[in-house]
Amino acid sequence: MQHAAEPSFRESVDLMFNRAARLMDLSPGLEQKIRVCNSTYTVRFGVRLRGKIETFTGYRSVHSEHMEPVKGGIRYALSVNQDEVEALAALMTYKCALVETPFGGSKGGLCIDPRQWDEHELEQITRRFAYELIKRDLIHPAQNVPAPDMGTGEREMAWIADQYARMNTTDINAKACVTGKPPHAGGIQGRVEATGRGVQFALREFFRHPEDVAKAGLAEGLEGKRVIVQGLGNVGYHAAKFLSEEDGCKIIAVIERDGAVLDPKGLDIEALRQWMTKNGGLLAGYPGARHVPDGAAVLEEPCDILIPAALEGVIHLGNAGRIKAPLIIEAANGPITFGADAILREKGCVIIPDMYANAGGVTVSYFEWVKNLSHIRFGRMQRRAEEARSRLLVEELERLSADQHLGWTLSPDFKQKFLTGSDELALVRSGLDDTMRTAYQAMREVWHNREGVEDLRVAAYIVSISRVAATYRSKGL
Ligand code: GLU
């Protein structure tokens with residue numbers, strides 16, 4: 001648990017902002033304007049369930065409207081509160097600026113334990129919450145576009161999209177009112193995996209810079225790196241799966257709410273996830289790996305890369321000193337408190353900050369929003385034209401080889417890859433990869449070259465704040 005004496009999540013985000021702002025020459029008025037949260041709407045609504053009226057409390061916070069629509073997920077958890085929603089909305093502002101998605105920052109939350117309700121009840125609750133937000137333009141394709149977050153997913157987004165369409169029957173862009181929808185309801189290929197995929201692309205980019213890898217004291221290359229993942233939800237699962245199956249990382253421990261499983265030889269993530277699905281989300285009893293009930297202690301085990309992919313505040317003043325990982329990538333939002341961040345930096349730990357590390361989700365949300373507004377699937381016009389051009393080249397090469405008796409043969413594997421035009425998934429992954437590389441390079445440029453910048457988090461804030469400030473200035477503020 002977070003130390004009682006530590007600042008709240010929102011204060012922690014503000015303190016991190018201040019570390020960066022100190023190194024910039026913003027006018028005090030502008031600095032304050034960027035830092036503060038513009039508005040938070042609180043709604044309490046009743047839904048008749050199981051014969052009585054249940055009252056729910058929800059929030060939608062808008063941190064910055066320097067660009068519209070504003071963007072950010074909706075979280076379903078009992079722990080949701082105004083401070084948390086505002087902290088997460090602020091992070092969305094900086095995240096969107098860093099990865100150049102043209103949005104302001106927002107976030108929503110509903111105090112609910114989704115496991116306590118069945119599907120039909122959840123639909124009633126979600127539609128009612130959406131109704132309250134839609135009525136006030138807090139869900140709107142041009143003004144405020146939610147997405148999934150903890151406790152929500154494609155199913156909830158489809159209900160929200162349908163609720164908006166029912167209330168705005170003539171809005172041709174209705175589908176763009178929310179992202180993270182299932183592909184059959186206006187979603188995009190690759191959105192579910194996007195945040196985890198983004199974590200993978202972020203690590204690949206980090207490991208392309210030997211100077212940066214050396215700062216963490218690690219040997220070059222992702223191959224064989226020992227990784228600990230906290231949280232095997234959508235983000236942690238995809239990150240762990242891709243890193244182990246495609247980059248040769250060894251996932252030596254997974255931490256969940258009922259403890260952790262460890263295997264120094266590396267866990268089979270797919271098998272573990274299947275086990276959890278069958279066992280009510282619990283790890284205990286998973287064959288072939290050691291289970292320990294104290295999950296938090298496993299954060300302190302030696303490893304090369306630690307991936308907190310669950311909640312905020314899990315690395316705090318109480319445990320930061322014992323964390324051994326030389327590299328931490330924040331797949332969750334705010335997993336390291338302000339105080340813990342200072343302790344880890346002091347020890348030489350390199351932290352790839354949340355606003356960059358988990359930006360894959362909002363990046364692919366941006367692609368989905370663009371797809372909805374353009375009313376056409378990515379690749380639909382180009383794919384076969386691309387294939388036809390590649391075929392021309394292959395046929396010409398084969399003709400030349402035969403005519404000139406050169407004896408060249410193109411390998412079947414090359415031909416198959418070269419002749420396949422890019423479908424939507426391939427385009428989404430390519431756009432995401434490019435985004436993660438470009439954003440990392442903007443951040444590292446500041447990290448290495450700007451006076452007084454010691455870490456990637458401050459560098460990320462500087463890049464983001466400068467972009468938000470430039471937008472405000474161009475508006476004449
Ligand atoms: N909830 C996700 C986040 O924290 C996604 C937001 C979005 O796609 O708008 O970044």
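Predicted model, so just to flag it, every value in this text is computed and none were measured. Index from 1, following the sequence.
- Residues Val145 and Thr179 have side chains in contact (heavy-atom distance under 4.5 Å, counting atoms from C-beta outward).
- Between Tyr286 and Trp275, the ring-plane angle classifies as perpendicular under the 30° and 60° cut-offs.
- Phe9 has its side chain within reach of Leu88: a pair of non-hydrogen atoms, C-beta onward, lies under 4.5 Å apart.
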**Q.** Criterion side-chain contact (heavy atoms from CB on, under 4.5 Å) on Ser106 and Arg60, from CA distance to verdict
**A.** CA-CA 7 Å; Ser106 182; Arg60 186 78 182 159; 3.2 Å; yes
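- In this structure, the side chains of Val229 and Leu243 stay at 4.5 Å or more apart for every pair of heavy atoms.
- Trp447 places a side-chain N or O within donor-acceptor distance of the main-chain N or O of Glu454, the cut-off being under 3.5 Å.
- Taking the six-membered ring where tryptophan is involved, the planes of Tyr440 and Tyr356 are tilted, since the angle between them lies from 30° to 60°.
- Put simply, the side chain of Leu456 does not reach to within 4.5 Å of the side chain of Ile351, judged on heavy atoms.
- Applying the 6.0 Å contact sphere to OH of Tyr366 captures no more than 12 heavy atoms from other residues, nucleotides or ligands.
- With hydrogens and angles ignored, the 3.5 Å screen pairs a side-chain donor or acceptor of Thr277 with a backbone N or O of Arg273.
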Next item on the list: Verify salt bridge (charged side-chain N to carboxylate O under 4.0 Å, His left out) between Arg50 and Glu121, making sure each step is shown before the conclusion.
Entry: CA-CA 9 Å; Arg50 302 178 194 174; Glu121 291 165 335; 2.7 Å; yes
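- For the atom pair NZ (Lys371) and CD1 (Ile188), the distance works out to 5.5 Å, reported to the nearest 0.5 Å.
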- Item | Check against side-chain contact (heavy atoms from CB on, under 4.5 Å), Asn333 and Lys107 | CA-CA 12 Å; Asn333 287 307; Lys107 200 81 174 199; 3.9 Å; yes
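- Ionic pairing of Arg75 and Glu312 is present here: one or more N-O contacts between side-chain nitrogen and carboxylate oxygen are shorter than 4.0 angstrom.
- Judged by distance alone, with hydrogens and angles left aside, the side-chain atoms of Asn319 form no donor-acceptor pair with the main-chain N or O of Ile315 at under 3.5 Å.
- Taking NZ from Lys71 and CE from Met92, the interatomic distance works out to 6.5 Å, rounded to the nearest 0.5 Å.
- Every pair passing salt bridge (charged side-chain N to carboxylate O under 4.0 Å, His left out) that includes a residue from residues 433-445 is listed here, sequence neighbours excluded: Glu211-Arg444, Asp212-Arg444, Asp433-Arg437.
- For the atom pair CD of Gln143 and CZ of Arg136, the computed distance is 14.0 Å after rounding to the nearest 0.5 Å.
- Within the 3.5 Å criterion, the main-chain N or O of Ala426 finds no donor-acceptor partner in the side chain of Ser430.
- No side-chain donor-acceptor contact under 3.5 Å links Asp247 to the backbone of Cys249.
- For Glu123, the salt bridge (Lys or Arg N to Asp or Glu O under 4.0 Å) partners are Arg127, not counting sequence neighbours.
- A donor-acceptor pair is defined here as one N or O able to donate and one able to accept, closer than 3.5 Å; no such pair exists between the side chain of Thr101 and the backbone of Ala97.
- To the nearest 0.5 Å, atoms CE (Met67) and NZ (Lys475) are separated by 8.0 Å.
- Aromatic pair His63/Tyr94: ring centres closer than 6.0 Å.
- Counting heavy atoms from C-beta on, the side chains of Glu100 and Thr435 never come closer than 4.5 Å.
- Residues Arg380 and Glu424 are not paired through a salt bridge, judged by the lack of any N-O separation under 4.0 Å between the basic side chain and the carboxylate.
- Residues passing the side chain to side chain donor-acceptor pair (under 3.5 Å) test with Gln382, sequence neighbours excluded: none.
- Between Lys52 and Glu54 a salt bridge is recorded (basic side-chain N to carboxylate O distance below 4.0 Å).
- Formation of a donor-acceptor pair under 3.5 Å by the Asp149 side chain with backbone atoms of Gly73 is not found in this model.
- Donor-acceptor pairing under 3.5 Å is recorded for the side chains of Ser61 and Thr40.
- Two residues are said to be in side-chain contact when any heavy atoms from C-beta on lie closer than 4.5 Å; Val350 and Leu344 fail this criterion.
- The shortest distance between side-chain heavy atoms of Met355 and Ser464 falls below 4.5 Å.
- In terms of the side chain to side chain donor-acceptor pair (under 3.5 Å) criterion, His291 has no residue partners (sequence neighbours excluded).
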Could you go through the side-chain contact (heavy atoms from CB on, under 4.5 Å) check for Ile465 and Glu31 one step at a time? CA-CA 9 Å; Ile465 298 169; Glu31 181 185 318; over 6 Å; no
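- A salt bridge links Arg19 with Asp341: the distance from a Lys NZ or Arg NE/NH1/NH2 to an Asp or Glu carboxylate oxygen falls below 4.0 Å.
- The backbone N or O of Gly105 sits nowhere less than 3.5 Å from a side-chain atom of Lys95 that would complete a donor-acceptor pair.
- Side-chain atoms of Arg322 do not come within 3.5 Å of backbone N or O of Glu300 as any donor-acceptor pair.
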**Message:** Let's go through Asn38 and Glu65 carefully: what are the C-alpha distance in whole Å and the side-chain angles of both, what is the deciding distance for side-chain contact (heavy atoms from CB on, under 4.5 Å) to 0.1 Å, and is it a yes or a no?
**Reply:** CA-CA 8 Å; Asn38 287 5; Glu65 289 149 293; 2.7 Å; yes
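- The side chain to side chain donor-acceptor pair (under 3.5 Å) check on Arg166 picks up Asp162, with sequence neighbours excluded.
- Proximity of the aromatic rings of Tyr59 and Tyr41 is defined here by a centroid distance below 6.0 angstrom, and this criterion is not met.
- With salt bridges taken as basic N to acidic carboxylate O contacts below 4.0 Å, none links Arg191 and Glu154.
- Going from atom CD of Glu6 over to atom OG1 of Thr337 covers 3.5 Å, rounded to the nearest 0.5 Å.
- Aromatic pair Phe56/Phe129: centroids not less than 6.0 angstrom apart.
- When each of Val298, Leu327, Ile228, Ile329 is tested with Leu306 by the rule side chain to side chain contact (heavy atoms under 4.5 Å, CB included), just one qualifies, namely Ile228.
- Taking the salt bridge (Lys or Arg N to Asp or Glu O under 4.0 Å) definition, one finds that Glu193 meets it with Arg197, Arg429, sequence neighbours left out.
- The aromatic rings of His66 and Tyr472 sit tilted relative to each other, their planes meeting at an angle between 30° and 60°.
- In this structure, the side chain of Asp258 does not engage the main chain of Leu282 through any donor-acceptor pair within 3.5 Å.
- Annotation: side chain of Val227 is not in contact with side chain of Cys303 (no heavy-atom distance under 4.5 Å).
- Checked by atom type, the side-chain pair Glu256/Gln230 shows no donor-acceptor distance below 3.5 Å.
- Summarising the local packing, CD1 of Ile172 is surrounded by 12 or fewer heavy atoms from other residues, nucleotides or ligands at distances under 6.0 Å.
- Side-chain contact, Asn168 with His140: no donor N or O sits under 3.5 Å from an acceptor N or O.
- Ion pairing between Glu86 and Arg10 holds under the 4.0 Å rule for side-chain N and carboxylate O.
- The pair Arg35-Asp14 does not meet the salt-bridge criterion, since no charged nitrogen lies less than 4.0 angstrom from a carboxylate oxygen.
- Atom CZ of Phe45 is separated from atom CG of Leu133 by 8.0 Å, given to the nearest 0.5 angstrom.
- No side-chain N or O of Thr195 forms a donor-acceptor pair with one of Asn358 less than 3.5 Å apart.
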